[in-house]
There are 2 protein chains.
Amino acid sequence: MPHSDLARQLKAIGDPTRLRILGLLPRVKTCQAGYNVSQLAGELGIPQPTVSHHLKILFQADLIRCEKMCRDAYYWINEPAVEVVCDSFQAICRCDPAQSAAEDHRQSSK
Amino acid sequence: MPHSDLARQLKAIGDPTRLRILGLLPRVKTCQAGYNVSQLAGELGIPQPTVSHHLKILFQADLIRCEKMCRDAYYWINEPAVEVVCDSFQAICRCDPAQSAAEDHRQSSK
DNA sequence: ATTTTCCATTGATATATTTCAATACATCAA
DNA sequence: TTGATGTATTGAAATATATCAATGGAAAAT
């Protein structure tokens, strides 16, 4: 995964409102669905368009999934993607700089 | 940890240039230190003030540490902090919304 | 058909961020 | 002391982001 993609996902996560949203969303697509968007807005105490905006950013970063039921839209966390983000970030921090520099050199000289 | 603090750390991480920097920094304070700031700038192909700016953001987010040696400044990753960030984020995503809502209620009614 | 409900989008404003040249500051060398 | 080296800061410009009122559009209820 290129750093730019991972950065976009981390940036999507790096907002207090969006962290609050993630804390309210269910981890799985549940039948007795949790909050619809309006209820989410009520719970957060912020206007609905603002919530939709943040949901869009999280969705475009592939961090949440969505399903429309009747008139409502229900979102839930894309757990596998969350795991990948954490793993990818830790891989960068755990990677030996000298070794990866060597790898980059091997790749670019192919 | 409040969401705003975690968000600031995640936001600091969520930038492609800063991810590249983290990929180049050693994971520990090493004697045969890796790059000083100028060498880092050379390696990244961007001006030194830009690198200093990004290092400052990472430093203020407590994600890296710094030591001045002679004229040079050497930075390295604050690994424990990185682990805490990942754990905190995963805790938010893994938390059961209904349960935490109940906890919030118990706390606020104390 | 009309109204209500729910969500997404648009548009506008305020704020924040990224980038880098220029400069300041400190340390070392000659 | 003068010049060179390494880093941080300042200031300016371009871009990006967060926020929300107003609006559009779709689905359900009356």
Side-chain angles (χ1 to χ4, degrees), chain A residues 2-26 29 32-61 63-76, chain B residues 2-22 24-26 29 32-76:
Chain A
H3 280 178
S4 54
D5 290 354
L6 178 58
R8 205 171 98 269
Q9 293 187 298
L10 289 166
K11 185 182 292 186
I13 297 166
D15 176 271
T17 302
R18 290 196 285 272
L19 282 182
R20 291 182 64 207
I21 290 175
L22 288 174
L24 288 174
L25 292 183
K29 175 182 172 184
Q32 48 172 27
Y35 303 104
N36 65 19
V37 178
S38 296
Q39 290 169 331
L40 215 48
E43 197 70 23
L44 293 163
I46 58 183
Q48 170 266 316
T50 304
V51 176
S52 281
H53 166 71
H54 287 299
L55 288 170
K56 184 178 184 179
I57 289 174
L58 290 170
F59 185 81
Q60 288 178 335
L63 292 166
I64 61 176
R65 300 199 172 285
C66 175
E67 184 147 323
K68 309 279 172 70
M69 291 172 66
C70 306
R71 271 178 304 184
D72 301 350
Y74 291 99
Y75 289 86
W76 68 95
Chain B
H3 280 177
S4 54
D5 290 355
L6 179 58
R8 204 170 100 269
Q9 293 188 296
L10 289 166
K11 185 183 288 186
I13 298 165
D15 176 271
T17 303
R18 290 195 284 271
L19 282 181
R20 290 181 64 206
I21 290 176
L22 289 174
L24 288 174
L25 292 183
K29 175 182 174 185
Q32 49 171 23
Y35 303 104
N36 66 18
V37 177
S38 296
Q39 290 168 332
L40 215 49
E43 197 69 22
L44 293 163
I46 59 183
Q48 171 266 316
T50 304
V51 176
S52 281
H53 166 71
H54 287 300
L55 288 171
K56 184 179 185 179
I57 289 173
L58 290 169
F59 185 80
Q60 289 178 335
D62 195 40
L63 292 165
I64 61 176
R65 300 200 172 284
C66 175
E67 184 146 324
K68 309 277 172 70
M69 293 171 67
C70 305
R71 272 177 303 185
D72 300 351
Y74 291 99
Y75 290 85
W76 67 95

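What you see is a predicted model; the values in this text were computed from it and never measured. Letters go in sequence order (proteins before strands), and every chain restarts at 1.
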query: Which residues satisfy the side-chain contact (heavy atoms from CB on, under 4.5 Å) test with A/Ala61, sequence neighbours excluded?
result: A/Gln9, A/Ala12, A/Leu63

message: A/Pro16: which residues meet the side-chain contact (heavy atoms from CB on, under 4.5 Å) condition with it, sequence neighbours left out?
response: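 A/Pro16: side-chain contact (heavy atoms from CB on, under 4.5 Å) contacts with B/Ala7.
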
Would you say that [X] contacts [Y] through its side chain, given a criterion of any heavy-atom pair below 4.5 Å between the two side chains?
X: A/Cys66; Y: A/Phe59; value: yes
X: A/Leu25; Y: A/Leu40; value: yes
X: B/Ile21; Y: B/Ile64; value: no
X: A/Arg65; Y: A/Lys29; value: no

message: Can you tell me which residue among B/Leu58, B/Asn36, B/Leu55 is in a side-chain contact (heavy atoms from CB on, under 4.5 Å) with B/Tyr75?
response: B/Leu55

field: Spacing of A/Arg20 atom CZ relative to D/dA18 atom C1', expressed in whole Å
entry: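 For the pair A/Arg20 CZ and D/dA18 C1', the rounded distance is 15 Å.
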
field: d(CD, A/Gln60; P, D/dA16) in whole Å
entry: 14 Å

Tabulate protein N/O versus nucleotide N/O from nucleotides 25-30 of chain D, keeping only pairs under 3.5 Å, one per line.
none

Positions of residues 46-59 of chain A (non-hydrogen atom under 4.0 Å from DNA chain C), listed by number: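 Contacting residues: A/Gln48, A/Pro49, A/Ser52, A/Lys56.
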
Among residues at least two apart in sequence or on other chains, which ones pass side-chain hydrogen bond (donor to acceptor under 3.5 Å, both in side chains) with [X]?
X: A/Gln60; value: none
X: B/Asp5; value: none
X: B/Ser52; value: B/Gln48

- request: Using chain B heavy atoms and a threshold of under 4.0 Å, write down where along DNA chain C the contacts begin and end, 5' to 3'.
  value: C/dT17 to C/dC28

- prompt: How would you list all residue pairs meeting side-chain hydrogen bond (donor to acceptor under 3.5 Å, both in side chains) that involve residues 14-25 of chain A, not counting sequence neighbours?
  reply: A/Arg18-A/His54

query: What pair of heavy atoms forms the shortest contact from A/Met69 to A/Tyr74, and how long is it?
result: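 Residues A/Met69 and A/Tyr74, closest heavy atoms: SD-CD1, 3.9 Å.
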
Which atom of A/His3 lies closest to which atom of B/Leu19, heavy atoms considered: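 That closest heavy-atom pairing would be O-CD1, 3.5 Å.
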
message: If you take any heavy atom closer than 4.0 Å to DNA chain D, which residues from residues 7-19 of chain A end up in contact?
response: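 Residues of residues 7-19 of chain A that come under 4.0 Å of DNA chain D are, in numerical order, A/Lys11, A/Asp15, A/Thr17, A/Arg18.
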
